[in-house]
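Below is one structure, written out as structure tokens, with a few remarks after it.
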Amino acid sequence: MPSGRNILIILSALAAVQAIQPSAPDPIAAPLRDLKWGQLNFLHTTDTHGWLAGHLQEPSYSADWGDYVSFAARMREIAEADGQDLLVIDTGDRVEGNGLYDSSEPKGLYISEILRQQHIDVMSSGNHELYKKNTSEAEFLTTVPNFQGHYLASNIDIFDPTTGDLVPLAQRFKKFTTENQGIRIVAFGFLFDFTMNYNNTVVQPVEETIKESWFQGAVHDQEVDLFLVVGHVPVRSKEYDDVFNAIRASHPDTPIQFFGGHYHIRDCARYDTKAYGLASGRFMETIGFMSIDGLSTKDNQLRPGLISPVFERRYIDNNLFSFHYHTGLDGSTFPTERGLNVSRLIQQSRSTLQLDEIYGCIPQTLWMSRSPYTAANSIYAWLQKQVLPEMLNDESRPGKPALAIVNTGAIRFDLFKGQFTRDSAYIVSPFTSGFRYLKDVPYDKATLILEVLNKQPKILTASRDSIVSLPWSLAPPEQAAHHNLENSRDVHHDWSMLDMSTNQSPMYGDASPRLEVVPGYTTTDDLGADGDDTAHSQINFYQVPNCIDALTVNNGTVIPETVDLVYVDFIEPYVALAAKYAGLNVDVPRESDVYMPSTTLTDLIVHWVKDHWSCAA
Ligand SMILES: *[C@@H]1O[C@H](CO)[C@@H](O)[C@H](O)[C@H]1NC(C)=O
Ligand SMILES: *[C@@H]1O[C@H](CO)[C@@H](O)[C@H](O)[C@H]1NC(C)=O
Ligand SMILES: *[C@@H]1O[C@H](CO)[C@@H](O)[C@H](O)[C@H]1NC(C)=O
Ligand SMILES: *[C@@H]1O[C@H](CO)[C@@H](O)[C@H](O)[C@H]1NC(C)=O
């Protein structure tokens, strides 16, 4: 990179010019690793789930989408000054999971205008865009046109709401040449083999898509320097292995860059020496950076056997300290006018939606997986022992004990000590699922059903008489990525590799504060243990079961003979399958009924918080 990038610029105070949301905490000055630029560079977001305001309680992730707009613009300027290229990628699940998306009517009213302010070069849909009819229609009618020519849908069709015809959600693929280097790219946009979409969309299994003539035509093109496969697909998956093999069948040497997501983790997978895949976390915590050097270009064609590309990656913590450092800019030179406008738009939208309205005050932080699920500071223990037993109660079943089953994936985020706001409710429990129940189930059968649900996924998916083939997705997505969880336990991170002398913050100049190592991501992937831009101390994660249960009207003495088996309606197909295994002979969808009509898990949580966690104390 240009030598000027590490110039120290003296700036009085970080707080002087900021774009982040007014209530967001200042970032912490932490030791950073430099980016390694190449001919072609990428910025990547995935699974943002509406967190475009950034994290208002976590300094490490406190930058907002407006800051990211400025960051991408500044990074593009740096690339262009060196004759390099920068492409911005997003791989879906932009919806559901934060008040900024979920609390408007209709949902997403403010998000689409904010999102479109970023120049995104290649993007795809996630599964969350397709659960509901009107969500995928909003995608088709608003987001796809907003990103015309950049939004790719290689394996998704939709019934056009105006004509009723089944049409591609967006164009299948595209071919383009980068502006500065002249790199010829063929790009695809996939979704994993998702089956729980509403029936107005059709997701074609990836192994079928790669047999389509348009796909075969695209991969047989020999005038290609790089295949770019973006998608809402785990980078370690059968789907991406299939795409990799399909491309390699006609291109043994052409470099391939994959971008993926869905598991909410940082990861980089190596398919072979010329093909890598990056996954860039979740919830606007991570801006993935990837670079490739040694590529062929339209004016400089290398013999296939001589191509030996170099892939580099960094997982950038989404905060201004990192953004300023990597661009060599400071609080006054970093923000762009457009970026500042976007931050203001986010602020206005949050204010209109009253997302800072306070429902209560959280006395201590409750974790999803940073403490064992039975511990006093586990969000699951809190639900199991307090919220569900106290709040579940259907008027038509007075005094009838209920055994409630909630999948752990229904909870999406930790609850930090401090204010519990309208936004917190959408963040911790964004889904609109209500409850259903089966009447008078023998207690031992009900607990057996829970046990089956918590057994290895194999048991259910191996079922010969399985009603449908179900993907195993009851626990939080982070946990599905066993690879990463296992690694995170016992890998030693060698921070001596960091050259601390280059880590003077340009923001602070001589008045540099001590660099502080705070807990955060400590990623190990196929390129090593040096991927995170920020040096963090390690966080321990604990496994949680697929489902937790709670017994209501349990006055502690008697075990009931029968219970109402209550469950979150989203998991009904799984409960039906588990009931068969448990030997409960009922037709679950037919014999079950709505429990506490028009009440969601989120409603129960909010009522409980208002009743118990007053801020006055
Ligand atoms: C979809 O419909 C539901 C129920 O009418 C509504 O609450 C939601 O806001 C709609 N979502 C979108 C994206 O239009
Ligand atoms: C989709 O499901 C609805 C019921 O939710 C049904 O009425 C409709 O016919 C189905 N459409 C298709 C194309 O299968
Ligand atoms: C930023 O907002 C101002 C005021 O609304 C507007 O005049 C200006 O054109 C906007 N700039 C950009 C780059 O969007
Ligand atoms: C406990 O539950 C049993 C059975 O429902 C009931 O007979 C008993 O009165 C309850 N005891 C208390 C203290 O509520």
Side-chain angles (χ1 to χ4, degrees), residues 17 19 48-50 52 64-74 76-77 92-120 125-146 156-167 169 194-204 333-349 351-353 355 422 425-426 429-434 436 468 569-570 572-573 589-590 594 597-603:
V17 181
T48 50
H49 287 287
L52 301 189
D64 67 23
W65 191 256
D67 301 312
Y68 180 44
V69 166
S70 298
F71 184 55
R74 297 307 186 202
R76 198 173 291 111
E77 288 168 9
D93 273 9
R94 291 172 288 274
V95 305
E96 297 183 339
N98 188 287
L100 192 57
Y101 175 85
D102 292 276
S103 72
S104 65
E105 191 54 56
K107 291 176 187 294
L109 196 56
Y110 298 91
I111 282 274
S112 45
E113 193 52 35
I114 297 164
L115 264 176
R116 72 182 298 186
Q117 300 300 323
Q118 178 66 288
H119 174 94
I120 300 178
S125 173
N127 53 308
H128 277 267
E129 279 82 356
L130 308 186
Y131 277 111
K132 293 188 173 158
K133 182 167 192 271
N134 58 357
T135 312
S136 53
E137 287 180 350
E139 204 64 10
F140 182 65
L141 297 173
T142 306
T143 311
V144 171
N146 282 349
I156 305 172
D157 289 329
I158 185 167
F159 287 97
D160 182 327
T162 43
T163 66
D165 297 337
L166 187 65
V167 296
L169 175 68
F194 178 53
T195 57
M196 292 181 79
N197 48 316
Y198 190 75
N199 69 11
N200 71 317
T201 57
V202 176
V203 180
Q204 188 182 40
T333 54
F334 172 80
T336 63
E337 184 185 326
R338 176 182 284 262
L340 291 172
N341 279 3
V342 176
S343 294
R344 199 174 313 119
L345 182 58
I346 294 170
Q347 191 186 331
Q348 285 160 355
S349 307
S351 153
T352 307
L353 293 168
L355 292 180
R422 204 172 139 73
Y426 287 102
S429 170
F431 304 126
T432 51
S433 302
R436 294 184 68 82
V468 279
D569 64 13
F570 176 79
E572 181 158 271
R590 195 161 300 182
V594 174
S598 328
T599 306
T600 64
L601 176 61
T602 318
D603 296 331

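Worth knowing before you read on, the calculation uses all heavy atoms, side chains too, and leaves out hydrogens, waters and symmetry mates. Order of listing sets the numbers, starting from 1, for every ligand and every atom in it.
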Item to check | Sidechain-backbone polar pair: T352 side chain, Q348 backbone, donor-acceptor under 3.5 Å | outcome: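 A pair under 3.5 Å: yes.
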
Item to check | Side-chain heavy atoms of T602 within contact of Y426, under 4.5 Å | outcome: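 Contact flag for T602/Y426 side chains = no.
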
Item to check | Non-hydrogen side-chain atoms of D93 and E129 separated by less than 4.5 Å | outcome: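 Answer yes - side chains close enough.
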
Next on the checklist: Does the plane of the ring in F71 sit parallel, tilted or perpendicular to the ring in Y68? Use 30° and 60° as the thresholds.
Outcome noted: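 Correct class here is tilted.
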
Checklist entry - When you check the side-chain N and O atoms of N341 and R344, is any donor under 3.5 Å from an acceptor? => result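 The criterion, which ignores hydrogens and geometry beyond distance, is satisfied for R344 and N341.
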
Item to check | T143 and N146 side chains, donor-acceptor separation under 3.5 Å | outcome: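 No, no side-chain donor-acceptor contact under 3.5 Å.
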
Checklist entry - Is it the side chain (CB and beyond), the backbone, both or neither of E105 that lies under 4.0 Å from ligand 1, heavy atoms counted? => result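 For E105, the contact with ligand 1 is made by the side chain alone.
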
Checklist entry - Do any nitrogen or oxygen atoms of N341 come within less than 3.5 Å of a nitrogen or oxygen of ligand 3? => result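 Yes - when backbone and side-chain N and O of N341 are compared with those of ligand 3, one distance drops under 3.5 Å.
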
Item to check | E337 N/O to ligand 3 N/O under 3.5 Å | outcome: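 Yes; the residue has a nitrogen or oxygen that sits under 3.5 Å from a nitrogen or oxygen of the ligand.
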
Item to check | Geometric N/O contact N134 with ligand 1, under 3.5 angstrom | outcome: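 Yes: some nitrogen or oxygen of N134 is under 3.5 Å from one in ligand 1.
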
Next on the checklist: What I want to know is whether S104 and ligand 1 share at least one N or O pair that is separated by under 3.5 angstrom.
Outcome noted: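 By distance alone, the answer is no.
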
Would you mind listing each N/O atom of ligand 2 next to any protein N/O under 3.5 Å, plus the distance?
{"from": "ligand 2", "atom 1": "2 (O)", "to": "N199", "atom 2": "ND2", "distance (Å)": "2.3"}
{"from": "ligand 2", "atom 1": "5 (O)", "to": "Y198", "atom 2": "OH", "distance (Å)": "3.1"}
{"from": "ligand 2", "atom 1": "11 (N)", "to": "N199", "atom 2": "ND2", "distance (Å)": "3.0"}
{"from": "ligand 2", "atom 1": "14 (O)", "to": "N199", "atom 2": "ND2", "distance (Å)": "3.4"}

Next on the checklist: Could you work out, with side-chain contact (heavy atoms from CB on, under 4.5 Å) as the rule, every residue matching S136, not counting sequence neighbours?
Outcome noted: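 S136 satisfies side-chain contact (heavy atoms from CB on, under 4.5 Å) with L130, I158, N200, T201 once adjacent residues are dropped.
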
Checklist entry - Going through the checks in order, is the salt bridge (charged side-chain N to carboxylate O under 4.0 Å, His left out) test met by R94 and E139? => result CA-CA 10 Å; R94 291 172 288 274; E139 204 64 10; 2.7 Å; yes

Next on the checklist: Show the nearest heavy-atom pair for residues S125 and L169, with the distance to one decimal.
Outcome noted: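 Here S125 and L169 meet closest at CB-CD2, 4.0 Å.
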
Item to check | Atom indices of ligand 1, in the order listed, that fall short of 4.0 Å to a heavy atom of P106 | outcome: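 That gives atoms 9 (O), 12 (C), 14 (O) of ligand 1.
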
